[in-house]
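To start, the structure under review is shown below, and the notes come after it.
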Amino acid sequence: MSTTVQDTPTRRTSLADSADVEVVNEKHEKGQYVVKNEDFDVYGEDDESSDIKYRTMVWWKAAALMLAETVSLGILSIPSVFASVGMVAGCILVIALGAVATATGYVIGNFKLRYPHVHNMADAGEILAGPIGREVLGAAQVIFIVFLCGSHVLTGLIAFDTITAGASCSVVWAAVTAIVCMIFTIPRTLDGISYLSVASFISIISAILITMIGVGVAGHQGTVSVTAHLSFASAFLAVTDIIFAYAGHVAFFTFIAEMKTPEDFPKALYALQIADTTLYLIVGIVVYSYTGEYAVSPALGNTGHVLRKVAYGIAFPTIIIAGVINGHVCAKLIFVRIFRRKGSRSRHMASHTWTGWLTWIGICCAIWAMAFIIAEVIPFFNELLGVISAIFASWFTYGISGIFWFHLTPRERRWSTWGQRLQTIFWGSIIAIGGFIMVAGLYASIQSIMDGYRNGGFPAPFSCANQAL
């Protein structure tokens with residue numbers, strides 16, 4: 001990407017370390033890339049007269065958003081993963097994939113610091129591969145997040161059916177969930193939603209505690225296996241569920257773009273990864289220890305009839321709010337793409353204009369309408385998580401960070417020391433792992449879907465059938 005350089009504010013251009021600064025200066029001298037002053041101003045709101053201020057989040061609010069977005073649905077599939085692969089493999093997978101997700105998230109943060117104008121995966125794609133990279137990664141991010149929103153609509157449908165014992169058509173519950181999510185997506189800044197994310201976290205923790213207490217009171221119901229003997233497809237479908245549980249990376253660029261101090265992102269990242277890995281281990285071990293092979297997904301279905309309703313009622317805020325966060329990130333990507341102009345600023349992004357608000361609301365409505373359709377056309381939980389994890393999370397959470405690392409690290413430095421050689425091998429392996437997860441996970445998910453339809457285990461699209469657990 002070739003543009004003109006101008007001086008930029010220090011707080012916007014500070015990089016991860018002095019070595020990074022040297023690399024930027026070196027590339028600037030070689031003319032490989034230069035960043036416009038306007039490119040740093042993602043929202044065009046540096047003017048004090050702007051109505052809408054985006055860059056207002058402190059690091060703990062970003063951590064709360066990331067935690068709400070990542071843990072909400074991911075944690076619900078963990079006990080069934082342990083039931084599939086066994087206690088030992090389940091613990092190893094949660095810890096190992098969590099550690100790698102921490103490393104890949106850190107690289108995403110460094111990439112953002114190196115290129116402060118990056119707001120989403122589309123911007124990163126443009127840096128990596130020009131206009132084609134922008135369109136490919138931008139489309140992939142939108143599709144992935146719309147599918148995530150669809151999984152929230154589906155989970156909301158299951159929650160309503162469980163709470164009401166199927167009192168109404170499940171299509172109605174899906175529509176209600178989508179409409180509620182759409183309404184809460186309307187605020188224009190993530191800072192405003194960050195307070196809701198705290199409520200979301202409290203909600204899911206409370207629901208999981210009720211579930212663990214419920215299975216504990218009920219006593220041991222099944223056999224706990226240390227290891228498991230599974231087909232490749234079944235085992236890898238379980239792996240994709242854990243990958244989905246760490247799939248918040250797709251929104252990291254947008255979160256960092258609205259932080260007061262982007263350099264504080266590692267604090268938010270470490271808080272997220274310590275919290276979610278710990279929660280996944282506790283929930284997986286406790287629930288699986290009592291339910292054994294009878295563990296179901298979503299995890300809230302493992303309790304008795306009454307407690308199940310209570311758990312879903314308490315978990316409903318997190319089902320909504322986490323979906324809202326994903327929907328907001330998707331809408332923001334499209335909104336910024338429409339109104340951000342290179343070399344100029346659009347008043348619709350930072351001011352309360354009819355055009356700006358109508359466009360924003362229209363985008364939100366379109367996203368949740370598509371999410372509703374997805375939830376009804378693909379009415380199954382684990383398999384849906386498997387498909388989207390295989391196609392998208394494999395790259396957004398793992399593989400693409402390896403590509404970012406190679407882009408950020410000059411060729412002559414990659415093999416200069418033993419430490420650099422090990423890093424080069426590691427990040428090359430991450431790219432290969434991303435590709436393998438995509439192919440193997442997609443195969444496992446498609447095989448599971450085919451088996452489900454063959455056995456009549458799924459309701460028909462837009463079916464009113466009760467989907468309560």
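Numbers here simply count residues along the sequence, with the first being 1. In this text, all values refer to a predicted model and were calculated from it rather than measured experimentally.
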Of all heavy-atom pairs between L67 and A275, which one has the smallest distance, and what is that distance? CD1-CB, 3.8 Å

Side-chain touch M259/V58, heavy atoms, less than 4.5 angstrom: no

Salt-bridge criterion met for K61 and D191 (N-O under 4.0 Å): yes

Where the side chain of E126 meets the backbone of P131, is there a donor-acceptor pair that is under 3.5 Å apart? no

For the pair S445 (side chain) and L442 (backbone), establish whether a donor and an acceptor sit closer than 3.5 Å, ignoring hydrogens and angles. no

Can a donor-acceptor pair be found, under 3.5 Å and without considering hydrogens, that links the side chain of Y280 to the backbone of A245? yes

d(M438 CE, I243 CD1) to nearest 0.5 Å is 12.0 Å

Search all heavy atoms of T211 against all heavy atoms of A299 and return the closest pair with its distance. CG2-O, 3.5 Å

Can you tell me if CD1 on I361 sees more than 12 non-hydrogen neighbours from other groups inside 6.0 Å? yes

What distance separates T102 OG1 from L97 CG, expressed to the nearest 0.5 Å? 10.5 Å

Quick check: closest heavy atoms across M349 and Y54, and the distance to 0.1 Å? O-OH, 2.6 Å

Output every pair passing disulfide (SG to SG under 2.5 Å) with a member in residues 198-250, not counting sequence neighbours, ordered by first then second residue. none

Looking at Q141 and V250, would you say the former's side chain and the latter's main chain have a donor-acceptor pair under 3.5 Å? yes

Polar side-chain atom of Q273 near backbone of G98 as donor-acceptor pair, under 3.5 Å: yes

Before you tell me yes or no, could you show the steps for H152 and T177 under side chain to side chain donor-acceptor pair (under 3.5 Å), namely the whole-Å CA-CA distance, both residues' side-chain angles and the distance that decides it to 0.1 Å? CA-CA 8 Å; H152 283 274; T177 304; over 6 Å; no

Going by atom types alone, do W173 and S168 pair a side-chain donor with an acceptor below 3.5 Å? no

Verify the ring-centre separation between F160 and F316: is it less than 6.0 angstrom? yes

Are the side chains of N302 and Y290 in contact, using a 4.5 Å heavy-atom criterion? no

Taking the side chain from E258 and the backbone from R55, do they hold a donor-acceptor pair closer than 3.5 Å? no

Run through I78, V81, L76 and flag the one making a side-chain contact (heavy atoms from CB on, under 4.5 Å) with D241. V81

Are E69 and N326 close enough that some pair of their side-chain heavy atoms sits under 4.5 Å apart? yes

Between S401 (side chain) and I108 (backbone), is there a donor-acceptor pair under 3.5 Å? no

Begin with the C-alpha distance, continue with both residues' side-chain angles, and end with the deciding distance and a verdict on side chain to side chain contact (heavy atoms under 4.5 Å, CB included) for H348 and W360. CA-CA 10 Å; H348 302 300; W360 175 256; over 6 Å; no

Do F265 and W59 come within less than 4.5 Å of each other through their side chains, counting heavy atoms only? no

Are any of the side-chain heavy atoms of F372 and V171 separated by less than 4.5 Å? yes

L272 and F252: side chain to side chain contact (heavy atoms under 4.5 Å, CB included), yes or no, with the steps? CA-CA 12 Å; L272 164 70; F252 282 2; 3.9 Å; yes

Is the gap between the ring centers of F236 and F436 under 6.0 Å? yes

Using the ring of each side chain (for Trp, its six-membered ring), is Y106 parallel, tilted or perpendicular to Y270, with breaks at 30° and 60°? parallel

Run the side chain to side chain contact (heavy atoms under 4.5 Å, CB included) check on W395 and I437 step by step: do they pass? CA-CA 9 Å; W395 288 105; I437 291 173; over 6 Å; no

Check whether any side-chain heavy atom of I374 sits under 4.5 Å from a side-chain heavy atom of V153, and report yes or no. no

Give, for atom OH of Y288 and atom SG of C91, the distance between the pair rounded to the nearest 0.5 Å. 10.5 Å

Quick one: pull up CZ in F201 and OG in S72 and give me the separation to the nearest 0.5 Å. 11.5 Å

Taking side chain as C-beta onward, heavy atoms only, is M66 less than 4.5 Å from I325? no

Backbone of T104 reached by a side-chain donor or acceptor of H249 within 3.5 Å: no

State whether the SG distance for the cysteine pair C149/C330 is less than 2.5 Å. no

Rounded to the nearest 0.5 Å, how far does OG1 of T254 lie from CG of D123? 9.0 Å

What one should report as the nearest heavy-atom pair of G214 and T303 is CA-CG2, 4.2 Å

Which distance, rounded to the nearest 0.5 Å, do you find between the OG of S194 and the CZ of F255? 10.5 Å

Tightest non-hydrogen contact, residues A207 and I314, listed as N-CG2, 3.9 Å

Has T261 got a side-chain atom pairing as donor or acceptor with D264's backbone, closer than 3.5 angstrom? no

Min side-chain heavy-atom separation F244-L148 under 4.5 Å: yes

In sequence, state the C-alpha distance, the side-chain angles, and the governing distance for Y246 and T277, and then conclude on side chain to side chain contact (heavy atoms under 4.5 Å, CB included). CA-CA 9 Å; Y246 290 112; T277 302; 3.3 Å; yes

Mark yes or no for whether K332, through its side chain, and R188, through its backbone, hold a donor-acceptor pair below 3.5 Å. yes

Taking all non-hydrogen atoms of both residues into account, name the closest pair between T278 and I274 and its distance. OG1-O, 2.6 Å

When you check the side-chain N and O atoms of T318 and S203, is any donor under 3.5 Å from an acceptor? no

Whether F111 and Y115 hold their rings parallel, tilted or perpendicular, with breakpoints at 30° and 60°: tilted

